[in-house]
Structures are given as C-alpha cells and as structure tokens.
Number of protein chains: 2
Amino acid sequence: MTAARTKAHLQRVGLDMIAEAGYEAVTVEQIARAAGVSHMTFFRHFPTKQSLVLEDPFDPAIAAAIAAQPPGASALARACRGVRVALDAVSLPEEDQVRIRVRIGASTPSLTAGIWANTLATQVAIADALSTLSPPYESRIAAAATIGALTVAVLEWGTGPADRRLKDNLLEALNVLDPLDPLDPLHQSEHSR
Amino acid sequence: MTAARTKAHLQRVGLDMIAEAGYEAVTVEQIARAAGVSHMTFFRHFPTKQSLVLEDPFDPAIAAAIAAQPPGASALARACRGVRVALDAVSLPEEDQVRIRVRIGASTPSLTAGIWANTLATQVAIADALSTLSPPYESRIAAAATIGALTVAVLEWGTGPADRRLKDNLLEALNVLDPLDPLDPLHQSEHSR
DNA sequence: TCCCCCAATGTTAGTCACTAACATTCTTGT
DNA sequence: ACAAGAATGTTAGTGACTAACATTGGGGGA
C-alpha cells in the first residue's frame, strides 16, 4: 500500500475512534492495530499522537498577502487586511473532517494547548511578512495578536452550530483588531488604507 | 522538611541543572536524586516536568483592572488599558530566577508550546472581565490578542539584554494593539478613555 | 519473464514522563 | 510520650516515543 494511502487510512480510523471514545482513552497501539499496522508505522506517518488531530499545513498565501499590503497603516492593521485578502482568494477546506478535528481539539485540554503551539510557525511567517515595513518587535506583537484572534475564531467555529461558516467567524475576529467602517462592513479591506 | 522548602529546593536544583545541560537532557529522576528525594516527591510538588519551569500563578489584579475600565472603548482597548493600570499598581517580580525560567522556556521548543498553553487560564479570565461590557465573542478575541501580545513581550524580554525592563516591553506591546498619543506616550492610560 | 532494489513495514528492546497502591518515617499538638 | 496526620519512599505498571535491525512486496530494467 502506498504511503499516502496508509497515512490517510490511519487518520480516518484514528479520528473515528477518538471521536467516539475520547482522545485520552485511545492509545496509539489501538489505532495502529485497528488500521492493520504496527505502532511504528503510525509514528512514521505522524510524528506525535497529537499530530493525528492537529496536523495543519501552513498556507504561504497568507504571508504573501500580508507582505503585499500597502504601507501607511500599522502592523496590526496590515496583518488583518492581508488575512482578509487571503480569505477572499483562497478557498477554505471547510470539510467535515476538519470540523471533527477542530471539535476534538477544542474539547481536549492537552490538545487545545497543542493548537496554540501549532500556530508558532504561522506566527513567525506573519511576523516576517510584516517586518518589511515595521520594526521587528512591533511585527512580532502584531503577528501574535492576529494569530491569537484567528485561533479563537477557529475554535469557536469548531464548537459552534454546524451551519456557521468559518470565514464569517474569521472576518468577525479580524474586525475586533482592525475595525472596518460599520456602514460598509465587508468588501472594504482591499480598497481602504 | 516542610513541603514548601522541599518544593523550592527541587526547583532551585532543577533549574540549575536544566540551565546548564538543557531541558531535554535532564530527566526528572536525575533532578529528584540531585535534590535528595525520589521521583514521586517531585511529582507531588510539580504536576509535570514542564511546571518546574513554567509554573506561574495568575494574578487576579489584571482581570479586576480590566473589569474596572470605563465603557466607551472597544474590548481590545479596554483590555490593553486595564493591563496598563495593573502594571502600574502591581510590582513585577523581575527576579533573576524568573528571567532564567523565561530564558529556558524561550529556548526550548516543547516549553515554548507549553507557555502558550499556560496562558489559557489568564485568557479566559480576561475574556470574562471584558464580557460585562462587550459581546462574548468579541471579548474572547480581544483577550486572545492581548495575551498573545503580552506573551511575545515576555519571551522577548527573557531572551533580550539583561538591563531591559520587563515593564517597558509589556507597555510597548500594548501600544501596538491600542496606540496611545505619540506626543505623550506614557502616563496616559489612566486618564484617557 | 525474471530479478533486484528500495520503499514501506515489522520486531524487539529500550527510555522517560507519569500514576496507583501501599509502606514507612517524621512531626506536631496534647 | 504518644497517637494522628503529613511528607516521603518503594514498587510495579502504562503509554508515548525512539533506535537498530530484519523483512516484505511491488515496479523497473535486463
């Protein structure tokens, strides 16, 4: 069996078991056996048990959109506006499996901790994108604040009603840090400065 | 030996060993033996190995100062101004041991992850304090952004030059989220609204 | 078609963080 | 001095994760 198939199979089986019994109640050994492999194969595909749930590749489009923001605004505002642009361009997965993973992560304390840890790479990428126009310290602060807001938005989406769109949650979060004109709440980020 | 003394002794010995050899290179067993106790005693005083480095009690004064902020400003602004007031009132420890702990945490990836996890309780407290005047969602976003900024400020302080004051780092971070009048950059938080 | 090669997987034996159950010692008030 | 409770020790275990080495299976070249 090809490597990608084995990995996908492990994740499907593992998420099923965890969704049913809870993250702590399922051991890696059990997941591996249920998927018909050994625990070593599990760890060859997922570096940690956490990563089965939390694995989330960073999208470089976000950093690019932030770096492309025009000068004249604070680092925080540029970060928020860049993310808005990226949200318009990229199509979010919004698949059911993502929602399940977020729900598991939000309801398991040890995983919620891991979620914040997972954002570190994104945080650094955003800070780098900001630092072309702002001092490094301000860039790091703005990046951390932005990531914090977005992470809460994702967690809230995962635990909220199923018909709520992730994108709406994210835009609302950005609005807290960088308020748009309330009369024209959307479609302004690309044109305002 | 009284419990508090044993705990302090374990922490002193453990931080010494970790500062010298690195967090991953020192086992709990080694710390316990060096302190003249068994590993069970270690875990009776520190729930995890991480907590030896990261343990940091939440100061309720911060939440109180935020809750006392006057209405008329955004949740984010009230959070920042409340923290500024709390920083004026409370005297920060600023001891060498704190700096050592932050330095260890900042330079050890698995601990940096734990630092973010440790802020969760504070984040919830701030969100609660904000939610008396703002909707819960906006409160959670603002709390996450504020905590994110403050955490970066602490990490930066821990790795930066030794004569830099923690308070200055924190105020500068708050300034990124809630800019003060640049002509009167300090001493304004208590009077502005 | 055969074979070989290498990627994917298995086996085994460990380390380390952490826990449960129970035994032991030390301290402290009376 | 003497119980009673707090602090600590012992032992045995679980589970995540790693290192070293053995094994298999399928696809490309001869």
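In what follows, every chain begins at residue 1, and chains take the letters A, B, ... in the order their sequences are listed. These numbers were taken from a predicted model, which means no experiment stands behind them.
Between A:Ile66 atom CD1 and A:Thr146 atom OG1 the span is 6.5 Å, to the nearest 0.5 Å.
A sub-4.0 Å separation between OP1 or OP2 of C:dA17 and a side-chain N or O of B:Thr48 is absent. Checking the phosphate oxygens (OP1, OP2) of D:dA7, no side-chain nitrogen or oxygen of B:Thr6 falls inside 4.0 Å. For B:His45, a side-chain nitrogen or oxygen approaches OP1 or OP2 of D:dT8 to under 4.0 Å.
When side chains are defined from C-beta on, A:Thr41 counts as touching A:Ser38, because their heavy atoms get closer than 4.5 Å. Residues B:Phe46 and B:Ile31 have side chains not in contact (no heavy-atom distance under 4.5 Å, counting atoms from C-beta outward).
A salt bridge between A:Asp88 and A:Lys167 is present, with a side-chain N of the basic residue lying under 4.0 Å from a carboxylate O of the acidic one. Between B:Arg164 and B:Glu172 a salt bridge is recorded (basic side-chain N to carboxylate O distance below 4.0 Å).
For the residue pair A:Ser134/A:Arg78, the side-chain donor-acceptor check at 3.5 Å is satisfied.
Here C:dT9 presents its P atom at 15 Å from CZ of A:Phe43, a figure rounded to the nearest Å. Nucleotide D:dG26 holds its P atom 14 Å from the CZ atom of A:Arg5, rounded to whole Å.
Within residues 16-42 of chain A, the residues approaching DNA chain D are A:Val26, A:Thr27, A:Val28, A:His39, A:Met40, by heavy-atom distance under 4.0 Å.
Candidate nucleotides D:dC17, C:dC18, C:dA21 were compared by shortest atom distance to the side chain of B:Arg44, and C:dA21 ranks first.
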